[in-house]
Protein chains: 2
Amino acid sequence: MGHVKGMPEGFLEGMPLVIASNGRSAVPARGEKVVSMAPNTASPRDRYRAQVRAEIKEHAWGQIAGAGASALSLNAIAKQMGMSGPALYRYFSSRDELITELVTDAYRSLADAFRTTASDGPDLAGLAHAMRRWALEYPQRYFLIYGTPVPGYHAPDAVTTIAGDIMATLLDACTAEATEATDATDADNTADVGETAFDTHLAHHRQWAGGHPAPAPVLRRALTFWTRLHGVLSLELAGHFTGMGFDPAQLFAAELDGLLGR
Amino acid sequence: MGHVKGMPEGFLEGMPLVIASNGRSAVPARGEKVVSMAPNTASPRDRYRAQVRAEIKEHAWGQIAGAGASALSLNAIAKQMGMSGPALYRYFSSRDELITELVTDAYRSLADAFRTTASDGPDLAGLAHAMRRWALEYPQRYFLIYGTPVPGYHAPDAVTTIAGDIMATLLDACTAEATEATDATDADNTADVGETAFDTHLAHHRQWAGGHPAPAPVLRRALTFWTRLHGVLSLELAGHFTGMGFDPAQLFAAELDGLLGR
DNA sequence: CAAGCTTGTTACAGCTTCTAACGAACGCGA
DNA sequence: TCGCGTTCGTTAGAAGCTGTAACAAGCTTG
């Protein structure tokens with residue numbers, strides 16, 4: 001009900017508002033409706049618009065969790081919200097735009113989880129566990145980021161920026177680990193890790209580090225961390241271990257142990 | 001043209017037949033039409049049916065390569081083949097059944113690539129390179145197997161069987177490597193690999209090995225091989241390295257080097 | 001040859017995305 | 001306070017999809 005004709009009466013008080021404590025997190029916690037604090041000075045109409053957009057995205061996440069991103073239906077979302085299908089196109093110009101927003105939010109969510117963890121000190125093991133915790137809590141978001149790509153699709157600038165943030169956090173932690181290691185032992189024995197051929201290749205192809213001062217072996221370490229954790233995590237989330245009997249958590253822990261040098 | 005009304009006249013000579021040399025491979029090479037050798041005694045109708053099914057699958061692979069599995073359209077395939085939409089339902093009872101077939105074929109294709117490689121001797125490095133070669137040649141098949149899962153979907157028995165075959169091949173290679181290592185050095189120093197906590201866990205949860213006699217450390221090695229290679233490969237195929245500048249092949253080689261003990 | 005099975009056709013229901021035209025409510029400026 | 005433009009939600013409809021039903025025509029087997 002509610003929406004009979006035209007804009008719903010009293011739309012400002014019509015929905016429970018939750019002011020986001022963290023100004024960055026664009027992905028609401030389960031069941032909450034969030035309006036960012038920054039555009040508090042915005043016009044009522046803008047606030048209502050942001051509100052509806054957030055509600056649409058929430059229903060979208062619900063649908064994705066239930067049947068995957070490919071089954072996302074704007075029409076179904078509209079019905080759930082008690083309005084007609086075409087009304088949603090006032091808020092998202094197309095289904096693709098909505099999905100792009102969800103992808104961006106997923107990246108932001110992961111970046112937030114990483115940054116939050118790293119704020120308690122740059123610790124690779126903590127980052128790894130944060131990664132797994134986040135992935136298990138939001139598998140849909142994980143697959144939106146790391147799942148099957150759409151052949152024609154090209155990610156917008158926003159996500160490449162956020163992906164850079166995530167990588168920077170990881171590089172910070174790897175750098176901290178490296179300096180810590182050289183502090184613990186004597187100087188100049190960093191070479192005991194072994195300079196590989198790929199390290200020298202990386203030294204010449206490091207623009208992806210975005211100005212991060214980490215030396216090539218540290219870049220390589222970050223890449224290895226990323227690929228190995230993704231290897232176990234993605235297979236676990238996709239259910240490839242389900243029929244196998246062992247505990248994926250223990251496999252993850254074992255892989256992390258290997259990464260941290262036993 | 002061709003199809004005007006009813007079954008096309010002279011359908012037996014209507015299409016170029018290629019008799020499969022390998023009786024197992026259900027996935028045809030690019031641009032070929034394959035009919036298995038075994039049901040050569042089948043009725044002409046059956047042969048025609050298999051022929052059309054294969055042609056449908058070929059067009060399906062083309063569509064998947066172009067726009068992803070979610071964009072696969074039976075109607076579009078029918079048009080490409082010059083017949084009406086509902087006609088396809090004589091060959092596949094639903095879109096899901098077609099996709100399931102494609103998934104099964106993808107598994108079979110990977111299993112064939114593995115088996116072929118292993119027939120030249122059980123060599124882990126060779127298996128790894130075969131994996132990457134296959135994945136780069138058929139990224140769509142890789143993502144059909146290891147990509148984003150559909151929440152409700154449960155794989156049919158056929159694919160779990162084939163997945164078991166793949167794992168068996170990998171376990172064979174890992175076993176060969178282990179015995180080779182113990183032959184090279186003296187006896188009873190297998191312990192220098194280090195028995196991890198996860199090894200003992202695996203020793204108690206090994207039914208997934210399907211009766212393979214490999215000891216727990218070998219099981220663990222197979223798992224590690226699988227997850228690490230998948231980690232680099234899936235990120236490469238999904239394009240997560242594209243903007244980064246370095247050569248994915250070298251990252252893969254480096255990871256493989258690490259896996260093989262430098 | 002004749003009966004039956006198989007395959008193709010068109011028509012249609014019901015879903016989807018998305019556009020177009022319209023009316024009503026909001027809210028800002030005068 | 002009043003009015004007018006903007007925004008929003010509506011219905012109608014095009015074009016596409018999956019999948020079903022009814023029917024026509026040809027192969028194939030008794």
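Below, read A as the first sequence line, B as the second, and so on, with proteins coming before strands; counting in each chain starts at 1.
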Atom-pair distance ([atom1] on [X]; [atom2] on [N]), nearest Å:
{"X": "Arg49(B)", "N": "dC5(C)", "atom1": "CZ", "atom2": "C1'", "result": "12 Å"}
{"X": "Arg47(A)", "N": "dC8(D)", "atom1": "CZ", "atom2": "P", "result": "15 Å"}
{"X": "Glu97(A)", "N": "dT17(C)", "atom1": "CD", "atom2": "C1'", "result": "14 Å"}
{"X": "Phe92(A)", "N": "dG9(D)", "atom1": "CZ", "atom2": "C1'", "result": "17 Å"}
{"X": "Gln63(B)", "N": "dT18(D)", "atom1": "CD", "atom2": "C1'", "result": "14 Å"}
{"X": "Tyr91(B)", "N": "dT7(C)", "atom1": "OH", "atom2": "P", "result": "5 Å"}
{"X": "Ile56(B)", "N": "dT7(C)", "atom1": "CD1", "atom2": "P", "result": "11 Å"}
{"X": "Leu88(B)", "N": "dT6(C)", "atom1": "CG", "atom2": "P", "result": "18 Å"}

**His205(B) and Met244(A): CA distance, side-chain angles, deciding distance, side-chain contact (heavy atoms from CB on, under 4.5 Å) verdict** = CA-CA 8 Å; His205(B) 301 86; Met244(A) 298 180 86; over 6 Å; no
Minimum-distance nucleotide to [X] side chain [options: [options]]:
{"X": "Pro86(A)", "options": "dA20(C), dG8(C), dT28(D)", "value": "dA20(C)"}
{"X": "Arg90(B)", "options": "dC23(D), dC8(D), dT10(D)", "value": "dC23(D)"}
{"X": "Arg45(B)", "options": "dG8(C), dG27(C), dG26(D)", "value": "dG26(D)"}
{"X": "Ser43(A)", "options": "dC28(C), dG8(C), dT20(D)", "value": "dC28(C)"}

**Prompt:** Got Ser109(B) and Asp112(B) here, is their nearest side-chain heavy-atom distance under 4.5 Å?
**Reply:** no
**Message:** Is there a side-chain contact between Ile166(B) and Tyr107(B) in this structure, where contact means two heavy atoms from C-beta onward sitting under 4.5 Å apart?
**Reply:** yes
**Complete:** Those residues at least two apart in sequence (or on a different chain) that pass ring-ring contact (aromatic ring centres under 6.0 Å, His included) with Phe114(B) are none
**Fill in**
Sorted by chain and number, sequence neighbours left out, ring-ring contact (aromatic ring centres under 6.0 Å, His included) with His240(A) holds for Tyr146(B)
**Asked** CG/Leu233(A) to CH2/Trp134(A) distance, rounded to the nearest 0.5 angstrom?
**Response** 10.0 Å
**Request:** Check the angle between the aromatic planes of Phe241(B) and Phe246(B) and answer parallel, tilted or perpendicular using the 30° and 60° thresholds.
**Result:** tilted
Whether [X] contacts [N] is assessed here as follows: a side-chain N or O lying under 4.0 Å from the phosphate OP1 or OP2. Is that the case?
{"X": "Ser84(A)", "N": "dT10(D)", "result": "yes"}
{"X": "Tyr89(A)", "N": "dT10(D)", "result": "no"}
{"X": "Tyr48(A)", "N": "dG9(D)", "result": "yes"}

**Request:** Work out how much the helix from dC1(C)-dG30(D) to dA30(C)-dT1(D) bends between its end axes, five pairs an end, to the nearest 10 degrees.
**Result:** 0°
**Item:** Arg108(B)/Asp105(B) ion pair, N-O < 4.0 Å
**Value:** yes
Distances under 3.5 Å between protein N/O atoms and the N/O atoms of nucleotides 14-17 of chain D, please, pair by pair.
from, atom 1, to, atom 2, distance (Å)
dC17(D), OP1, Ser73(B), OG, 3.4

**Request:** Tell me, please, which residues at least two apart from Glu236(B) pass side chain to side chain donor-acceptor pair (under 3.5 Å).
**Result:** Arg132(B)
Would you list the atom pairs, donor with acceptor, under 3.5 Å between side chains in residues 82-102 of chain A and any protein atom, with sequence neighbours excluded?
from, atom 1, to, atom 2, distance (Å)
Ser93(A), OG, Glu97(A), OE1, 2.6
Ser94(A), OG, Asp96(A), N, 3.3
Ser94(A), OG, Glu97(A), N, 3.1
Arg95(A), NE, Leu72(A), O, 2.9
Arg95(A), NH2, Ala69(A), O, 3.3
Arg95(A), NH2, Ser70(A), O, 2.9
Arg95(A), NH2, Leu72(A), O, 3.3
Glu97(A), OE1, Ser93(A), N, 3.3
Thr100(A), OG1, Asp96(A), O, 2.9
Glu101(A), OE1, Lys57(A), NZ, 2.8
Glu101(A), OE2, Arg53(A), NH2, 3.0

